[in-house]
Amino acid sequence: MKIKICGLKDTNNIRQVSEANPDYMGFIFYPKSPRYVGQELSKDTLETIPESIVKTAVFVDESVENIMNKVNNYGFEAIQLHGDESPAICKELKEQNLTVIKAFAIEETFDFTKLIPYETHCDYFLFDTKTPAFGGSGKTFDWTLLSQHQLVTPFFLSGGLGVENLDAILKLKNDKLYGLDFNSKLEDAPGLKNIQMINKVLDTIRNYEHI
Ligand SMILES: O=C(O)c1ccccc1NCC(=O)[C@H](O)[C@H](O)COP(=O)(O)O
C-alpha cells in the first residue's frame, strides 16, 4: 500500500517528513488553501527529497500552462487535480510524461459512471470527501460507496485519514485500493505535519503488510 503525505509547506518539516520516507509527498498550489506553498517552497528544498519519494503538485482548476510552469520549475513527477478538470486536460498532462492523479469529491449521490471518460487519461483516481474547500476537510466519507468503482484505474483513498481510523483502514478490502492519502489529521497546524503521528501511520501500515 502506497502512503502519501499531502499539504507540506515548511522547509524544515519537509525535510523531517522526507526522512520518514513516505511513498508520495504532496504540495498544494491552490492559493485559497491554508496549506498553499506560495513562495515558501524553494527548488533546493525539493531537491533534498530522495528520488524514491514521488513529488506531487496539487492544483484546483489551474491552466495547463501554469501547471507546467510549476512542474518545470520544481521538477514534479506527479500532479493531482482537485477541481473540475476535464478528461482532455488529464490527457494533455499525461502526454507530458506526468503521473496524473484525478481527485473526485465523493458524497452519497456521486455518480461513478462519471469516471468513464477519465479512465484512459489518468494513472490514479483519488476519492476524497466532498467539501466546498476542494480538499483538506479532515472528514471521512462513507467507504461502502467505494464498491461502486467498477473500472480498472487504481485509486488513493483520502479524506480524514489519521491515526484514529488506522484499524478501519487496514480492514478495507478493495483490489483497486492503491494508496492512502493523509493530510490534516497528521498536523499540528495547517501545513505543519506531526512527525510522531506520521511515523506511527507508516510503521503500522508497513508492519501490517508484512504479517
Ligand atoms: O489540503 C488542502 O487544503 C487542499 C485544498 C484544496 C485542494 C486540495 C487540498 N488537499 C489535497 C489532498 O490531497 C488532501 O490530502 C485531501 O483533501 C484530504 O485531506 P484531509 O481530509 O485533511 O485528510
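Each ligand, and each atom within it, is numbered from 1 in the order the structure gives.
Remark: ligand 1 atoms within the under-4.0 Å shell around heavy atoms of A133 are 5 (C), 6 (C). Distances below 4.0 Å separate heavy atoms of V60 from the following atoms of ligand 1: 7 (C). Within the listing of ligand 1, atoms 12 (C), 13 (O), 14 (C), 15 (O), 16 (C), 18 (C) sit less than 4.0 angstrom from a heavy atom of D181. Taking every heavy atom of I28 and a limit of under 4.0 angstrom, the matching atoms of ligand 1 come to 1 (O), 2 (C), 4 (C), 9 (C), 10 (N). Remark: ligand 1 atoms within the under-4.0 Å shell around heavy atoms of S158 are 16 (C), 18 (C). Interface of Y30 with ligand 1, defined as ligand atoms under 4.0 Å from a residue heavy atom, comprises 6 (C). Atoms of ligand 1 lying under 4.0 Å from any heavy atom of D128, numbered from 1 in the order shown and given with element: 16 (C), 17 (O), 18 (C). Of all the atoms in ligand 1, the ones that sit under 4.0 Å from a non-hydrogen atom of S137 are 21 (O), 22 (O).
When atom types are taken as modelled, the side chain of K91 and the backbone of C122 share no donor-acceptor pair closer than 3.5 angstrom. A donor-acceptor pair under 3.5 Å is absent between the side-chain atoms of E85 and the main chain of K102, judged by distance alone. A donor-acceptor contact shorter than 3.5 Å is absent between the side chain of H121 and the backbone of P87. A distance-only check finds a donor-acceptor pair linking the side chain of K9 to the backbone of P34 [under 3.5 Å]. With D23 contributing its side chain and I3 its backbone, the two residues share a donor-acceptor pair below 3.5 Å.
Put simply, no part of E187 is less than 4.0 Å from ligand 1, judged by heavy atoms.
Between N183 and ligand 1, at least one pair of N/O atoms sits closer than 3.5 Å.
Note on R35 versus E187: salt bridge recorded, some NZ/NE/NH1/NH2 to OD/OE distance being below 4.0 Å.
Under 3.5 Å, the side chains of D44 and S42 contain no donor-acceptor pair of N or O atoms.
Summary of contacts: the protein heavy atom closest to atom 7 (C) of ligand 1 is F134 O, 3.5 Å. Among all protein heavy atoms, the one lying closest to atom 22 (O) of ligand 1 is S184 OG, 2.4 Å. Of the protein's non-hydrogen atoms, the one nearest atom 23 (O) of ligand 1 is G160 N, 3.3 Å.
Taking the six-membered ring for Trp, F127 and F141 have ring centres at least 6.0 Å apart.
The heavy atom nearest to atom 20 (P) of ligand 1, out of those in G191, P34, G138, is found in G138. The option from Q80, K185, K139, K32 that lies nearest to atom 13 (O) of ligand 1, judged by heavy atoms, is Q80.
Atom NZ of K176 sits in a crowded spot, with more than 12 heavy atoms from other residues, nucleotides or ligands closer than 6.0 Å.
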Going through the distances and angles, do F125 and H149 end up as a side-chain contact (heavy atoms from CB on, under 4.5 Å)?
CA-CA 10 Å; F125 296 144; H149 173 36; 3.8 Å; yes
